[in-house]
Amino acid sequence: MTSVVSFLSMAIKFSTVFLFGATGEIINQKSGHLNMGTPGIMYLGALGGIVGEYIYILCLPASAPLNPFLIFFIPTIFAILFGAIGGLIFSFFTVTLHCNQNVTGLTLTTLSVGIACLFIGMIGEKSNIMTRMHEAGQLMQHAFPWFHNLSWFGDIFLSQSWFTYLGIVVAIVAAIILNKTRVGLTVRAVGENASAADSAGINVNAYRYVATIIGGGIAGIGGAFYELDKVQGHFQASDGIDAFGWLALCIVIFSLWKPTIAVLASFGFACLSILPSFLAPYLGGIGYMKYVLEMAPYLATIIVLIITSIFENKKSQPPANLGVSYFREDR
């Protein structure tokens with residue numbers, strides 16, 4: 001029972017990084033933008049979160065206690081800002097310059113990962129700051145510390161950090177806005193048929209800019225969560241956050257472009273992701289089984305693609321104009 005509770009608690013925590021990335025990318029894709037730069041944007045968000053916490057700690061006297069709210073709020077704002085800048089760069093090239101979305105996204109990921117790793121490594125070398133960052137990471141672990149260790153329910157559902165609960169709220173709010181509001185309807189119209197939306201007087205370029213910037217900001221929080229909370233500030237330049245970004249892109253497909261389903265899909269992918277490490281003591285000498293299990297999230301995505309292709313349900317298909325740049329003169 002203890003092992004199961006520990007596994008589920010770890011899975012919920014780990015799902016947070018996927019949830020932010022997937023929710024941000026769903027917003028991008030609903031507007032017609034296939035942003036393959038999301039993995040790089042998540043790395044930029046990680047850099048932003050580290051920079052925000054670094055600045056906050058530098059402004060404190062050496063012996064001053066850390067404020068639990070500020071060590072969450074300030075890095076989150078910086079992560080949103082850095083992620084939004086990544087979304088802005090992507091939009092500038094794809095909307096204003098009409099560059100190919102796939103090429104732009106892959107280039108943005110490569111560039112962002114390189115830049116983020118450089119500066120994260122530079123901050124990580126400052127040992128006088130790292131001790132305080134580790135302390136801040138430990139403070140972030142539990143939003144409701146008084147419920148922790150009270151029962152199995154508290155250990156699983158009430159022992160998470162504010163990032164986890166924020167991710168769930170963001171996904172639900174995104175779903176409501178996309179499905180129940182005029183703004184969401186307009187965003188979906190732009191993603192389905194940009195020409196028709198333009199004919200109806202909708203500013204296609206503006207909506208794609210805003211959707212991609214907001215999506216980038218949300219995805220950036222996922223990177224900050226991993227560096228500041230999941231690894232408790234023990235960050236390194238080569239933490240491989242971009243790998244989680246690629247899985248977040250898979251979750252978008254798995255969740256059928258629905259933020260609420262992405263909450264459950266992120267949890268499922270987190271379970272599959274941590275399963276190899278969790279089962280390692282029981283696998284004994286069968287080392288290859290670990291690599292087989294690590295393929296599970298990708299295999300699950302392939303299965304979903306096959307199923308949705310067979311049934312050809314319109315609700316399970318991506319936006320019709322996904323990945324297609326809009327040229328108004330061709331209308």
Side-chain angles (χ1 to χ4, degrees), residues 19-38 40-41 44-45 80-108 169-221 248-249 251-253 255-262 308 312-331:
L19 181 56
F20 279 113
T23 303
E25 180 60 17
I26 287 173
I27 295 173
N28 289 339
Q29 295 194 16
K30 282 294 187 179
S31 70
H33 267 168
L34 178 59
N35 189 356
M36 303 289 282
T38 293
I41 288 175
L44 286 179
I80 293 173
L81 176 62
F82 277 52
I85 290 174
L88 177 62
I89 293 172
F90 180 85
S91 293
F92 173 73
F93 281 99
T94 58
V95 176
T96 302
L97 302 183
H98 300 295
C99 295
N100 181 278
Q101 293 186 19
N102 293 328
V103 174
T104 301
L106 293 172
T107 303
L108 178 60
V169 170
V170 168
I172 293 174
V173 170
I176 293 173
I177 291 175
L178 287 173
N179 297 311
K180 302 295 183 181
T181 68
R182 183 180 182 87
V183 172
L185 176 63
T186 304
V187 170
R188 289 189 287 121
V190 169
E192 290 292 341
N193 193 326
S195 297
D198 191 10
S199 300
I202 297 171
N203 190 329
V204 174
N205 290 347
Y207 270 91
R208 285 191 167 181
Y209 255 101
V210 173
T212 308
I213 290 172
I214 292 175
I218 293 173
I221 304 175
L249 291 173
I251 290 171
V252 173
I253 301 171
S255 62
L256 305 178
W257 292 268
K258 300 180 186 297
T260 48
I261 298 180
T308 55
E312 295 183 350
N313 186 344
K314 189 177 187 305
K315 292 183 179 181
S316 66
Q317 300 301 315
N321 280 177
L322 181 62
V324 179
S325 297
Y326 177 59
F327 296 87
R328 193 176 192 190
E329 57 271 19
D330 294 338
R331 179 163 64 99

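Counting from 1, the numbers follow the sequence of the chain as shown.
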How close do [X] and [Y] get, counting heavy atoms only, and between which atoms?
X: K30; Y: P319; answer: CA-CG, 4.0 Å
X: T104; Y: F93; answer: CG2-CB, 3.7 Å
X: P318; Y: W257; answer: CB-CZ2, 3.3 Å
X: T23; Y: A171; answer: OG1-CB, 3.8 Å
X: A197; Y: V204; answer: CB-CG2, 4.3 Å

side-chain hydrogen bond (donor to acceptor under 3.5 Å, both in side chains) involving [X] - partner list, sequence neighbours excluded:
X: T94; answer: H33
X: N28; answer: E25
X: Y209; answer: T96

Find the distance between [atom1] ([X]) and [atom2] ([Y]) and round it off to the nearest 0.5 Å.
X: N205; Y: D198; atom1: CG; atom2: CG; result: 8.0 Å
X: I213; Y: I41; atom1: CD1; atom2: CD1; result: 10.5 Å
X: L88; Y: L81; atom1: CG; atom2: CG; result: 10.5 Å
X: L322; Y: L34; atom1: CG; atom2: CG; result: 5.0 Å

Contacts of S325 that satisfy side-chain contact (heavy atoms from CB on, under 4.5 Å) - sequence neighbours left out: Q101, F327

Residues which pass side-chain contact (heavy atoms from CB on, under 4.5 Å) with A211, listed by chain and number, not counting sequence neighbours: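 By the side-chain contact (heavy atoms from CB on, under 4.5 Å) rule, A211 matches I27, S31.
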
Is the closest side-chain heavy-atom distance between [X] and [Y] below 4.5 Å?
X: R208; Y: Y326; result: yes
X: I80; Y: I221; result: yes
X: N35; Y: L249; result: no

Sequence neighbours excluded and cut-off under 3.5 Å, please list the side-chain donor-acceptor pairs for residues 172-182, or say none.
{"from": "N179", "atom 1": "ND2", "to": "A175", "atom 2": "O", "distance (Å)": "2.9"}
{"from": "T181", "atom 1": "OG1", "to": "I177", "atom 2": "O", "distance (Å)": "2.5"}
{"from": "T181", "atom 1": "OG1", "to": "G184", "atom 2": "N", "distance (Å)": "3.1"}

Passing candidate, side chain to side chain contact (heavy atoms under 4.5 Å, CB included) with Y207, options T186, V95, T212: T186

Whether N321 side chain and V324 backbone form a donor-acceptor pair below 3.5 Å: no

